Protein chains: 2
Amino acid sequence: MGRRRPGTPTLEEVAALAGVGRGTVSRVINDAAGVKESTRRAVQRAIAELGYVPNLAARSLAGRRADAVALVMTEPDWRQFGEPFFSEVVRSVGDALTDTKVQLLLTLVRTDAERQRLVEYARGGRVDGVMLMSVHAEDALPDMLAEVGLPTVLLGRRSGEESVTYVDADNAGGARGAVAHLLGLGRRSIATITGPLDMYVAQCRLRGYREALERAGVESRPAWTAEGDFSAGSGRRAMAGLIERAPEIDGVLAASDTMAAGALDALRAAGRRVPEDVAVIGFDDFPLAQHTDPKLTTVRQPLEEIGRTMVRLLLEEMEEPEVAWRHVILRTELVLRGSA
Amino acid sequence: MGRRRPGTPTLEEVAALAGVGRGTVSRVINDAAGVKESTRRAVQRAIAELGYVPNLAARSLAGRRADAVALVMTEPDWRQFGEPFFSEVVRSVGDALTDTKVQLLLTLVRTDAERQRLVEYARGGRVDGVMLMSVHAEDALPDMLAEVGLPTVLLGRRSGEESVTYVDADNAGGARGAVAHLLGLGRRSIATITGPLDMYVAQCRLRGYREALERAGVESRPAWTAEGDFSAGSGRRAMAGLIERAPEIDGVLAASDTMAAGALDALRAAGRRVPEDVAVIGFDDFPLAQHTDPKLTTVRQPLEEIGRTMVRLLLEEMEEPEVAWRHVILRTELVLRGSA
DNA sequence: ATGAAAGCGCTAACAT
DNA sequence: ATGTTAGCGCTTTCAT
């Protein structure tokens, strides 16, 4: 409401009450140097007495920053929002900002109208920077933001030639490590359940799977690859299909722990023993793995560090707008938990 | 960034290019009436050519609204954030705002510092109104906001004398209905697993339980009430305790479906058949009940409608700041699914 | 160390 | 129907 809520004191009234000029009050509320201690206290008393709170619109307009950043979820399917993956990222980003005076704003973008609204909001100067989670390959939002000079950081990339600053986990490396582990267990017929292959993250995990087999000189049949969509149901269906057309399979890498859980179901339903007959590893989208089989060996993504890093990169770009875009790729970790 | 991103055109430049006055441009971008169609198009062409986007800070300052509302989660325990309950509310609030030009901002408040930051953000005029989810009884945030005249709507209430506009489910009524149903099944030794009793929602559900028994003239023993914290584990422990001290129990109302699921575990572990020996009903915090026993009969909360109603009340208060605070209590629905 | 003054880009009231 | 003008409340030189 601009509808000037009555009784909202202005900086000018504070100045008058404290018997100083506006500039001095401004310095005090911005912790600027060069104010005599006694004056500072007089001003602070006036502020307290009046219950003064700076008008943020005026402050932004006068040329300072918005002191806010946005964390955007571009996810047409709302179900995803509740996923532990996202709440973990949100939590760690929140933590990373907790000691700053930067307000974190989560926003949700599903439709193009919302996309447009967000761009106008950001370009309108209401946030100093934007972090994007779960960006799909064909999403133009990152470019729309970056092109107008708004500091922008992506979680994950849209392709191998991502042109916007991003933070990603080493998905290919994680997949390689997982497959190497399966090979180390003596498995030779290793299948993979991929994520949706229009997502770069899924491509990377598939690539890592293939590279590990290639490096070890182990065969990889096309029939051993099945595509899922990260959900448990898709994992179950994919695994059922694999069992049918490739009963020889003795190891599986799933691109998400939820799909891995579905795969376990399918395997057990088919009478296979896990991990004796078939060893399964899934990418873990949640550090605590609360929602999945507690015995499932996983490739853990450093979500906590991903959030921290996104914030760091964003704040740096906000300080130094000239700097070129950068990327950070964080190592994953294989967490052995006994089912493989 | 106030750091005046270069190449950000102003309304004035648009006016110059279009060969009109600033006022006319302002009218065009605000869809105000009284602009000749030809001028309007000329202005729109200039806007497109320059890539003009209104400076929101200036707009707010000049006395119009922020065109944004906040949806706040005050939840010290971050685990909660991923709960389907919250994602459902967020989704429905987002839906309710999708056709407006109001930007939805989710924010998270865990610490007092964050509380303070939010108040300054809101008082600073960056949002036109605030919706709060998961407010605990002792939380002063709603008052801090409402006192300064900011339109505020709560999801749930902090106590029986809530002084801020709120939307709530009919928790007592829902509990009464559930217990009446159990009585209808012939159960007479009906226990309840409550939520944390420092939360009003838990008190209401307990009250409903008692009222239903009282109205039916059926006995209610103190030993039949156990307190949980809405989690599955607490439900399991509470049920185990109930079984031990009151083996005669043949019906249970749990204040959340997650606790109900825990109770089912405990009952089965104790060798009780469900629902033959003991019938269980839980309050459902998620319309789809994906995360719990699909056979569990539940008291469903109209989350979709709660979100819609919060938005409606908020927008109304934003229009009509004088209006007194109000409240809406939405009916719950008993969903029979066979375990009771 | 502090006051005065010039905007920041927009809306809205007032002219025309 | 459209142009003109006076602020909105703050930050930031520039004086002093």
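Remember, it's a predicted structure, so these values are computed and weren't measured experimentally. All values below were derived from every heavy atom in this structure, side-chain atoms included, with hydrogens, water molecules and symmetry-related copies excluded.
Under the 3.5 Å distance criterion, the side-chain polar atoms of A:Thr152 are left unmatched by any main-chain donor or acceptor of A:Val130.
For the pair B:Leu11 CG and C:dA12 P, the interatomic distance rounds to 12 Å; values are reported in whole Å. In this structure, the CZ atom of B:Arg40 is 9 Å from the P atom of D:dT2, given to the nearest Å. Atom P of nucleotide D:dC10 and atom CD1 of A:Ile47 are separated by 10 Å, given to the nearest angstrom. At whole-Å resolution of the value, CZ in A:Arg41 and P in C:dT2 are 13 Å apart. As rounded to whole Å, 14 Å separates atom P of D:dG9 from atom CZ of B:Arg123. To the nearest angstrom, C1' of D:dC10 lies 10 Å from CD of A:Glu12. The CG-P distance, from A:Leu61 to C:dG7, rounds to 14 Å in whole Å. Rounded to whole Å, the distance from CG on B:Asn55 to P on C:dC10 is 6 Å.
Positionally, the nearest nucleotide of DNA chain C for A:Ala62 lies more toward the 5' end than for the other of A:Ala62 and B:Ile29. Closest-nucleotide positions on DNA chain D for A:Val53 and B:Gly19 were compared, and the one nearer the 5' end corresponds to B:Gly19.
Side-chain atoms of B:Pro54 lie closest to C:dC10 of the nucleotides D:dG9, D:dG3, C:dC10. Minimum atom distance to the side chain of A:Thr24 is reached by C:dG3, of the listed C:dA1, D:dT11, C:dG3. The B:Arg27 side chain lies nearest to D:dG3 when the options are D:dC10, D:dG7, D:dG3. The side chain of A:Arg22 has C:dA6 as its nearest neighbour among C:dT2, C:dA6, D:dT2.
A close approach under 4.0 Å does occur between a side-chain nitrogen or oxygen of A:Thr39 and OP1 or OP2 of C:dT2. Dashed line: the shortest gap from a side-chain N or O of B:Ser26 to OP1 or OP2 of C:dC10 is not under 4.0 Å. At the phosphate of D:dT11, OP1 or OP2 sits under 4.0 Å from a side-chain N or O atom of A:Asn30.
Between B:Arg45 and B:Glu49 there is no salt bridge, since none of the side-chain N atoms of the basic residue sits less than 4.0 Å from a carboxylate O of the acidic one. Look at A:Arg158 and A:Asp143 and you find a salt bridge, because one of the NZ, NE, NH1 or NH2 atoms lies within 4.0 Å of a carboxylate O, short of that distance.
Looking only at side-chain heavy atoms (C-beta outward), A:Ile29 and A:Arg59 come within less than 4.5 Å of each other.
Distance check, rounded to the nearest 0.5 Å: CG of B:Leu108 to CG of A:Leu105 gives 9.5 Å.
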